Amino acid sequence: QVQLVESGGGLVQAGGSLRLSCAASGRTFSSYAMGWFRQAPGKEREFVASIPTSGRSTYYADSVKGRFTISRDNAKGTVDLQMNSLKPEGTAVYYCAARDSGWASFEVKRYAYWGQGTQVTVSS
């Protein structure tokens, strides 16, 4: 089992940047594919980005492609999400998630472990 704790959320103006970080503890971090998801009020949780255990490839939702970057450090047990050119529609609670597999996925149901979430608010 793995425990996840997100940090780095906050209030930012449109066009600004934030860097989210997720720290993992418990079982070997390098055995988990990782993902970032977000949930806006009244909406379903949606995929943002994911990265397999190797870290050699990354996957993004079309809405964030070219603006967000996911990365992981297996030695430190962390996965980060660098968010640039933020838009007001990016306002949501952002969640870090771990999947007990080497393969990344965009599906919420594939991830068994979740952090508590961190609020990101983008003002216009």
Side-chain angles (χ1 to χ4, degrees):
Q1 199 165 356
V2 63
Q3 293 78 43
L4 305 171
V5 178
E6 302 98 334
S7 62
L11 173 64
V12 64
Q13 287 189 333
S17 299
L18 278 177
R19 187 176 185 89
L20 305 184
S21 187
C22 174
S25 60
R27 263 190 59 189
T28 307
F29 175 75
S30 59
S31 65
Y32 293 92
M34 300 299 296
W36 282 97
F37 294 78
R38 65 188 180 188
Q39 188 166 17
K43 294 188 175 182
E44 293 187 352
R45 194 167 297 188
E46 65 175 10
F47 169 73
V48 175
S50 63
I51 187 166
T53 52
S54 68
R56 284 198 287 265
S57 53
T58 54
Y59 307 91
Y60 300 95
D62 288 343
S63 58
V64 307
K65 203 171 292 183
R67 300 185 296 118
F68 289 15
T69 302
I70 187 172
S71 60
R72 68 187 295 159
D73 187 329
N74 285 342
K76 294 182 179 179
T78 59
V79 57
D80 291 348
L81 185 69
Q82 176 66 42
M83 306 186 295
N84 298 329
S85 303
L86 282 160
K87 303 177 180 180
E89 52 264 42
T91 294
V93 177
Y94 284 70
Y95 296 91
C96 170
R99 183 182 184 212
D100 198 358
S101 167
W103 301 99
S105 173
F106 63 89
E107 296 182 284
V108 171
K109 65 181 180 181
R110 300 294 183 190
Y111 292 81
Y113 306 103
W114 294 82
Q116 83 289 351
T118 185
Q119 176 71 46
V120 172
T121 303
V122 185
S123 63
S124 56

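We number each residue from 1, following the sequence as shown. Keep in mind that the numbers below use all heavy atoms, side chains included, and drop hydrogens, waters and symmetry copies. All values reported here derive from a predicted model rather than from experimental measurement.
Open room surrounds CD on Glu44; 12 or fewer heavy atoms of other groups in view lie less than 6.0 Å from it. Enclosure of atom NZ in Lys65 by more than 12 non-hydrogen atoms of other residues, nucleotides or ligands within 6.0 angstrom is indicated.
The two residues Pro88 and Ala14 make their nearest non-hydrogen contact at CD-CB, 4.0 Å. Of all the heavy atoms in Gly9 and Val120, the pair that sits closest is CA-CG2, 4.2 Å. In terms of heavy atoms, Ser71 sits closest to Arg19 at OG-NH2, 3.8 Å. Counting all heavy atoms, side chain and backbone alike, Cys96 lies closest to Leu4 at O-CD1, 3.7 Å. Closest of all the heavy-atom pairs between Ser123 and Leu11 is CB-CD1, 4.3 Å. Scanning all heavy atoms of the two residues, the minimum distance from Met34 to Val79 falls at CE-CG1, 3.8 Å.
Between the CD atom of Glu107 and the NZ atom of Lys109 there is a distance of 5.0 Å, given to the nearest 0.5 Å. Here the straight-line distance linking atom CD of Gln119 with atom CD of Glu6 works out to 12.0 Å at 0.5 Å rounding.
Under the 4.5 Å side-chain contact rule for hydrophobic residues, Val93 and Tyr113 do not share a cluster. Two different hydrophobic clusters hold Ile70 and Tyr59 under the rule that ILVMFWY side chains link at heavy-atom gaps under 4.5 Å. Hydrophobic clustering (ILVMFWY, side-chain heavy atoms < 4.5 Å, transitive): Ile51 and Phe47 are in distinct clusters. Cluster annotation: Val108 and Leu20 are assigned to distinct hydrophobic clusters (Ile/Leu/Val/Met/Phe/Trp/Tyr, side-chain heavy-atom contacts under 4.5 Å, transitive).
Ion pairing between Arg72 and Asp80 fails under the 4.0 Å rule for side-chain N and carboxylate O.
Between the Arg56 side chain and the Pro52 main chain, no donor and acceptor come within less than 3.5 Å of each other. Glu46 places no side-chain N or O within 3.5 Å of a backbone atom of Gln39 that could act as its donor or acceptor partner. Side-chain N or O atoms of Gln82 include none that pairs as donor or acceptor with a backbone N or O of Thr69 at under 3.5 Å. For the pair Tyr60 (side chain) and Ser50 (backbone), a donor-acceptor distance under 3.5 Å is absent. Proximity of a side-chain donor or acceptor of Arg67 to a complementary backbone N or O of Ser85 within less than 3.5 Å is detected. Under a 3.5 Å cut-off, the side chain of Thr91 and the backbone N or O of Val122 do form a donor-acceptor pair. Counting only distance, with no hydrogens or angles, the side chain of Ser101 and the backbone of Trp103 share a donor-acceptor pair below 3.5 Å.
Close placement of the Phe37 and Tyr111 rings is indicated, their centers lying within 6.0 Å of each other.
For Arg45 and Trp114, the positive end sits near the middle of the six-membered ring, less than 6.0 Å away and at most 45° from its axis. Annotation: cation-pi geometry not satisfied between Arg38 and Tyr95 (NZ/CZ under 6.0 angstrom from ring centroid, within 45° of ring axis).
Phe29 meets the ring pair (Phe, Tyr, Trp, His ring centres under 6.0 Å) test with no other residue; sequence neighbours excluded.
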Legend entry - side chain to side chain donor-acceptor pair (under 3.5 Å) between Ser30 and Tyr32, worked out: CA-CA 6 Å; Ser30 59; Tyr32 293 92; over 6 Å; no
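The aromatic rings of Phe68 and Tyr94 sit tilted relative to each other, their planes meeting at an angle between 30° and 60°.
Proximity of Asn74 to Thr53: side-chain heavy atoms (C-beta onward) are nowhere separated by under 4.5 Å.
Between the side chains of Asn84 and Ser17, at least one donor N or O sits under 3.5 Å from an acceptor N or O.
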